[in-house]
Amino acid sequence: MTKVFIVDDHAVVRMGLKATLPLEGDVEIVGEAVSGDGAAQAVITARPDVTLLDIRLPGKDGLEVLAELMNANPDAKVIMLTTSEADNHVYEALKRGARGYVVKDRDADEILTAVRMVANDAKYIPDTVRALYRERQMMPDLTAREHETLEMMAAGSRNSEIADKFGISVDGVKMHVKHILEKFNVTDRTAAVAEALRRGFIRH
């Protein structure tokens with residue numbers, strides 16, 4: 001019997017999984033969490049064989065929860081079950097140790113297949129997900145300061161405000177912005193923010 005824990009804030013999704021996954025008789029749902037806050041500890045306490053984890057959660061996001069789970073147990077078997085096909089989400093999830101990545105609109109049979117494969121020490125990464133991972137690998141990572149600058153750009157902050165926040169010169173901010181535009185292969189701040197949102201670098 002494979003024990004499964006579900007972390008998802010959508011009641012309909014949780015209800016559907018609880019209704020369909022146990023039908024074949026080899027899966028048991030041993031717990032659920034509805035937000036990222038406290039989810040890792042709930043999973044650790046329940047000790048499932050496989051955790052189904054959404055990326056977009058209230059409180060801590062799924063990537064943070066994944067990191068906590070892997071820090072607590074590097075052998076944890078986690079499948080990202082999410083609506084997000086943003087390449088940065090895929091990249092970060094697999095880089096941090098997720099064993100599978102399934103988009104929620106797939107049928108229950110695919111999700112069950114993923115659970116069985118991951119429970120048996122295999123990985124479940126569809127070709128479309130592999131392609132997104134490779135696409136993201138082609139892009140240089142943002143530095144921590146560039147990521148902070150990008151978030152402030154998304155919030156509408158001007159260069160002078162960003163400079164005051166970081167205690168650097170406006171020219172220093174302009175250099176960070178220049179690097180961000182180059183990495184996203186765009187020509188202006190608005191396009192950089194739009195691309196960052198689309199690809200999952202920042203939250204809406």
Side-chain angles (χ1 to χ4, degrees), residues 1-133 136 199-204:
M1 184 71 72
T2 299
K3 298 177 180 179
V4 174
F5 194 104
I6 302 166
V7 184
D8 196 296
D9 61 320
H10 294 98
V12 172
V13 172
R14 297 194 310 275
M15 290 172 61
L17 292 171
K18 288 187 292 184
T20 58
L21 291 184
L23 289 177
E24 297 293 324
D26 60 342
V27 171
E28 176 187 3
I29 307 300
V30 296
E32 60 186 287
V34 301
S35 81
D37 295 333
Q41 187 55 54
V43 172
I44 292 166
T45 300
R47 300 178 66 183
D49 300 304
V50 176
T51 300
L52 294 173
L53 175 62
D54 194 6
I55 283 180
R56 294 187 173 123
L57 293 167
K60 294 178 181 176
D61 68 23
L63 293 174
E64 293 176 279
V65 175
L66 174 62
E68 291 180 352
L69 290 174
M70 300 311 297
N71 285 336
N73 176 15
D75 295 322
K77 297 174 180 177
V78 181
I79 298 171
M80 308 310 291
L81 179 63
T82 176
T83 58
S84 175
E85 291 185 277
D87 64 329
N88 194 57
H89 286 164
V90 169
Y91 178 77
E92 290 293 339
L94 298 181
K95 187 173 73 170
R96 296 184 194 197
R99 303 282 188 95
Y101 200 103
V102 182
V103 179
K104 287 181 187 178
D105 65 4
R106 303 304 187 260
D107 60 35
D109 286 343
E110 181 173 349
I111 298 171
L112 183 58
T113 296
V115 168
R116 287 170 172 162
M117 288 180 64
V118 169
N120 285 296
D121 295 321
K123 291 186 176 182
Y124 188 86
I125 305 170
D127 289 343
T128 53
V129 172
R130 291 184 189 276
L132 288 168
Y133 183 83
R136 173 61 182 81
R199 296 176 62 178
F201 281 82
I202 54 178
R203 301 178 78 169
H204 287 276

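All values below were derived from every heavy atom in this structure, side-chain atoms included, with hydrogens, water molecules and symmetry-related copies excluded.
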Hits for salt bridge (charged side-chain N to carboxylate O under 4.0 Å, His left out) against Glu64, two or more places apart or cross-chain, chain-then-number order -> none
Among all residues two or more places apart in sequence or in another chain, which pass the ring-ring contact (aromatic ring centres under 6.0 Å, His included) test with Phe5?
none
Rounded at 0.5 Å granularity, tell me how far CZ in Arg99 sits from CE in Met80.
14.0 Å
Sequence neighbours excluded, which residues qualify as salt bridge (charged side-chain N to carboxylate O under 4.0 Å, His left out) partners of Asp121?
Lys77
Work out which heavy atom in Pro58 is nearest to a heavy atom in Ser35; give both atom names and the distance.
O-CB, 3.5 Å
Which one of Leu52, Asp54, Val43, Leu81 satisfies the side chain to side chain contact (heavy atoms under 4.5 Å, CB included) criterion with Val7?
Val43
Just checking Met15: does its CE atom have more than 12 heavy atoms from other residues, nucleotides or ligands closer to it than 6.0 angstrom?
no
Closest contact, heavy atoms only, Ala86 versus Gly200:
CB-N, 3.7 Å
OH on Tyr101 to NE2 on His89, rounded to 0.5 Å:
7.0 Å
Working to the nearest 0.5 angstrom, can you tell me the gap between Asn88 CG and Arg199 CZ?
7.5 Å
Residues two or more places apart in sequence or in another chain: which of them pass ring-ring contact (aromatic ring centres under 6.0 Å, His included) with Tyr91?
Tyr133
Leu21 side, atom CG; Ile111 side, atom CD1 - distance, nearest 0.5 Å:
6.5 Å
Pairs where residues 20-30 contributes a residue and the test side chain to side chain donor-acceptor pair (under 3.5 Å) is met, not counting sequence neighbours
Asp26-Arg116
Quick check for you: to the nearest 0.5 Å, what is the distance between Leu94 atom CG and Leu132 atom CG?
10.0 Å
Under the salt bridge (Lys or Arg N to Asp or Glu O under 4.0 Å) definition, can you give me all pairs with a residue in residues 30-50, not counting sequence neighbours?
Arg14-Glu32, Lys18-Glu32
Side chain to side chain donor-acceptor pair (under 3.5 Å) partners for Thr83, two or more places apart
Arg56
Residues two or more places apart in sequence or in another chain: which of them pass salt bridge (charged side-chain N to carboxylate O under 4.0 Å, His left out) with Arg136?
Asp141
With sequence neighbours left out, what residues match Lys95 under salt bridge (charged side-chain N to carboxylate O under 4.0 Å, His left out)?
Glu92
Could you report the tightest heavy-atom contact between Ile29 and Leu17, atom names first, then the distance?
CD1-O, 4.5 Å
Under the side chain to side chain donor-acceptor pair (under 3.5 Å) rule, collect the residues that match up with Thr2, sequence neighbours excluded.
none
Any donor and acceptor pair, going by atom type alone, linking the side chain of Thr51 with main-chain N or O of Leu53 inside 3.5 Å?
no
Which pair of non-hydrogen atoms, one from Arg96 and one from Ala67, has the smallest distance, and what is that distance?
NH1-CB, 4.2 Å
Might you point out which heavy atoms bring Tyr124 and Val102 nearest each other, and give the distance in Å?
CD2-CG2, 3.7 Å
Mind jotting down which residue pairs meet the ring-ring contact (aromatic ring centres under 6.0 Å, His included) criterion with at least one end in residues 8-54? Sequence neighbours excluded, please.
none
Identify the two heavy atoms, one from Ala72 and one from Ile44, that lie closest to each other, and give their separation to 0.1 Å.
CB-CD1, 3.5 Å
All pairs passing side chain to side chain donor-acceptor pair (under 3.5 Å) where residues 67-76 contributes a residue, at least two apart:
Lys60-Glu68
Pairwise distance CD1(Ile79) to CD1(Ile6) - rounded to 0.5 angstrom
11.0 Å
Enclosure of Lys104 NZ (heavy-atom neighbours >12, cutoff 6.0 Å):
yes
